[in-house]
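Data first, discussion second: the structure below is written as structure tokens.
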Amino acid sequence: MMYDLIIIGGGPAGVTAAIYAARHKLKTLLITRSFGGQIARKAVEIENYPGFEKISGLELIQRFEKQARKQNIDIERDLVEKVKKIRKGFLVATTSRTRFQSKAVIVASGADPRPLEVPGEKEFIGRGVSYCTACDAPLFQEKAVAVVGGGNSGFEAALALTNYARKVYILEFLPQVKADPSLRELARRKKVEVRVNAALKEIQGEKFVEAVVYQDRRSKKTIVLKVQGVFVEIGSQPATSFVRDLVDFSKRDEIIVDHKT
Ligand SMILES: Cc1cc2nc3c(=O)[nH]c(=O)nc-3n(C[C@H](O)[C@H](O)[C@H](O)COP(=O)(O)OP(=O)(O)OC[C@H]3O[C@@H](n4cnc5c(N)ncnc54)[C@H](O)[C@@H]3O)c2cc1C
């Protein structure tokens with residue numbers, strides 16, 4: 001079947017596009033790996049969504065999915081591997097080996113967490129290394145954990161972790177953290193220990209994470225910090241590889257768009 005429109009992604013952008021496509025009576029397919037996107041990683045309540053004074057990421061995602069499913073559109077839970085140009089439009093291929101065709105495609109695949117790319121990171125995913133505080137914080141009851149990244153997301157992750165872990169560190173590469181003053185104040189009150197100028201070198205352990213190794217960029221000393229959990233909060237990277245051969249990319253793998261169209 002030839003759809004009018006295929007939307008890739010079920011985060012805020014994809015769901016919004018789906019609502020409008022349905023309203024315009026386009027024959028639409030929404031393909032998404034999951035609903036909610038980056039909101040699923042939100043460690044504390046969301047407080048900047050008009051209409052909700054406070055709402056948890058999970059509740060907002062459930063509302064997104066419910067609203068998307070009420071639209072007159074098709075929905076597939078799948079991962080898009082490739083989008084190709086064909087004569088009459090586009091061919092969208094997914095990991096479950098399904099092929100879909102449409103006249104137009106909206107790429108709303110957002111971003112994935114940026115990895116640390118240090119030895120030990122990949123080996124310990126699910127064994128102490130996490131990219132989702134909202135999902136994994138309760139597993140670190142009475143443990144010592146390090147959050148890598150001193151931005152708002154890092155501080156929010158650290159604050160959520162103080163509800164479970166006995167000790168929470170924040171490791172920031174730069175000489176100062178970038179988080180908002182209100183978050184810094186909350187973290188100070190919750191006794192989160194912030195270490196700046198920390199260049200992460202390695203994650204160590206046997207079966208599970210046992211330590212992170214970083215270099216203090218000022219003193220040049222190598223420091224081994226005994227922790228059982230490492231939460232990665234150093235930003236995100238565009239989830240756009242499936243259109244690499246189709247559109248122009250910036251140096252940071254962002255799709256270059258024509259802002260006039
Ligand atoms: C920790 C954290 C806290 C945040 N807190 C706030 C906040 O308090 N307030 C705020 O306004 N914003 C916040 N943000 C930012 C906000 O979450 C993002 O701006 C928003 O989610 C972007 O929406 P999006 O739909 O563009 O992309 P995303 O949310 O990234 O959604 C992309 C969707 O595409 C899907 N997808 C990706 N690749 C594929 C593929 N190949 N095939 C199929 N599906 C795919 C994903 O599964 C996902 O559902 C936060 C972000 C993070 C990481």
Side-chain angles (χ1 to χ4, degrees), residues 6-20 29-65 67-69 74-84 90-100 102 105-115 130-137 147-161 170 178-180 182-183 186 231-247 253-255 257:
I6 291 179
I7 299 164
I8 303 168
V15 171
T16 307
I19 293 167
Y20 277 89
L29 169 65
L30 174 77
I31 309 176
T32 189
R33 183 179 48 188
S34 61
F35 274 97
Q38 293 167 66
I39 293 175
R41 298 180 52 220
K42 181 83 182 161
V44 294
E45 287 186 312
I46 294 159
E47 295 182 0
N48 67 342
Y49 202 97
F52 299 97
E53 224 169 276
K54 274 186 183 186
I55 185 163
S56 74
L58 182 66
E59 193 186 342
L60 191 58
I61 288 170
Q62 285 167 346
R63 285 170 181 258
F64 277 7
E65 182 167 358
Q67 195 168 358
R69 290 195 184 280
D74 293 341
I75 295 176
E76 292 284 339
R77 290 288 284 262
D78 210 338
L79 187 70
V80 171
E81 264 184 352
K82 194 97 194 147
V83 180
K84 269 192 198 158
F90 297 91
L91 182 80
V92 178
T94 68
T95 41
S96 68
R97 303 201 170 279
T98 320
R99 304 272 180 276
F100 301 98
S102 64
V105 171
I106 291 180
V107 178
S109 49
D112 289 326
R114 189 152 75 85
S130 170
Y131 303 87
C132 181
T133 316
C135 324
D136 297 335
V147 175
V148 185
N152 283 346
S153 297
F155 270 73
E156 286 181 354
L159 286 168
L161 282 159
I170 290 178
K178 286 177 284 176
D180 294 342
S182 57
L183 286 171
L186 274 174
F231 287 80
V232 183
E233 293 290 352
I234 57 165
S236 49
Q237 58 188 19
T240 47
S241 56
F242 54 87
V243 283
R244 181 165 286 284
D245 304 330
L246 195 66
V247 293
D253 283 353
E254 296 147 334
I255 296 171
V257 294

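For ligands, and for the atoms within them, numbers begin at 1 and follow the listed sequence.
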If you count the atoms of ligand 1 from 1 in the order shown, which ones are under 4.0 Å from a heavy atom of [X]?
X	answer
Ala108	32 (C), 33 (C), 34 (O)
Ala111	30 (O)
Gly10	33 (C), 34 (O), 49 (O)
Phe242	41 (N)
Pro12	20 (C), 21 (O), 23 (O), 24 (P), 25 (O), 29 (O)

Quiz item: If you take all heavy atoms of Lys84 and Leu246, which pair is closest and at what distance?
Solution: C-CD1, 4.4 Å

Is there a protein heavy atom less than 4.0 Å away from [atom]?
atom	result
atom 5 (N) of ligand 1	yes
atom 44 (N) of ligand 1	yes
atom 15 (C) of ligand 1	no
atom 50 (C) of ligand 1	no

Determine whether [X] and [Y] make a side-chain contact, defined as any pair of heavy atoms from C-beta on separated by less than 4.5 Å.
X	Y	value
Val44	Phe155	no
Ser109	Phe242	yes
Val232	Pro115	no

Exercise. Please determine if Glu156 has a nitrogen or oxygen closer than 3.5 Å to a nitrogen or oxygen of ligand 1.
Key: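 N/O-N/O distance under 3.5 Å: no.
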
Quiz item: Polar-atom distance check: Ile46 versus ligand 1, any N or O pair below 3.5 Å?
Solution: no

Identity and distance of the protein heavy atom lying nearest [atom]:
atom	value
atom 27 (O) of ligand 1	Gly110 CA, 3.3 Å
atom 12 (N) of ligand 1	Asn48 ND2, 4.8 Å
atom 46 (C) of ligand 1	Arg33 NH2, 3.5 Å
atom 37 (C) of ligand 1	Ser109 O, 3.3 Å
atom 42 (N) of ligand 1	Val80 N, 2.8 Å

Self-check item: With sequence neighbours excluded, residues passing side chain to side chain donor-acceptor pair (under 3.5 Å) with Ser241
Solution: none

Exercise. Name all residues meeting the side chain to side chain donor-acceptor pair (under 3.5 Å) criterion together with Asp112; count only those two or more places apart in sequence or in a different chain, and write none if there are none.
Key: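 If we apply the side chain to side chain donor-acceptor pair (under 3.5 Å) test to Asp112, skipping adjacent residues, the hits are Arg33.
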
Self-check item: CA sep, side-chain torsions, deciding dist, call: Ser96, Asp78, side chain to side chain donor-acceptor pair (under 3.5 Å)
Solution: CA-CA 7 Å; Ser96 68; Asp78 210 338; 2.4 Å; yes

Quick test of your reading of the structure: of [options], whose heavy atom lies closest to [atom]?
atom	options	result
atom 1 (C) of ligand 1	Ser34, Ser153, Gly14	Ser153
atom 53 (C) of ligand 1	Arg41, Glu81, Glu233, Lys42	Arg41
atom 28 (P) of ligand 1	Arg77, Glu47, Gln38	Gln38

Self-check item: Min heavy-atom dist Thr94 to ligand 1 below 4.0 Å
Solution: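 Contact absent.
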
Quiz prompt | Enclosure of Tyr49 OH (heavy-atom neighbours >12, cutoff 6.0 Å) | solution =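 Atom OH in Tyr49 is not crowded, with 12 or fewer foreign heavy atoms closer than 6.0 Å.
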
Practice problem: Indicate yes or no: does Arg244 engage Asp253 in a salt bridge with an N to O separation below 4.0 Å. | Solution: yes

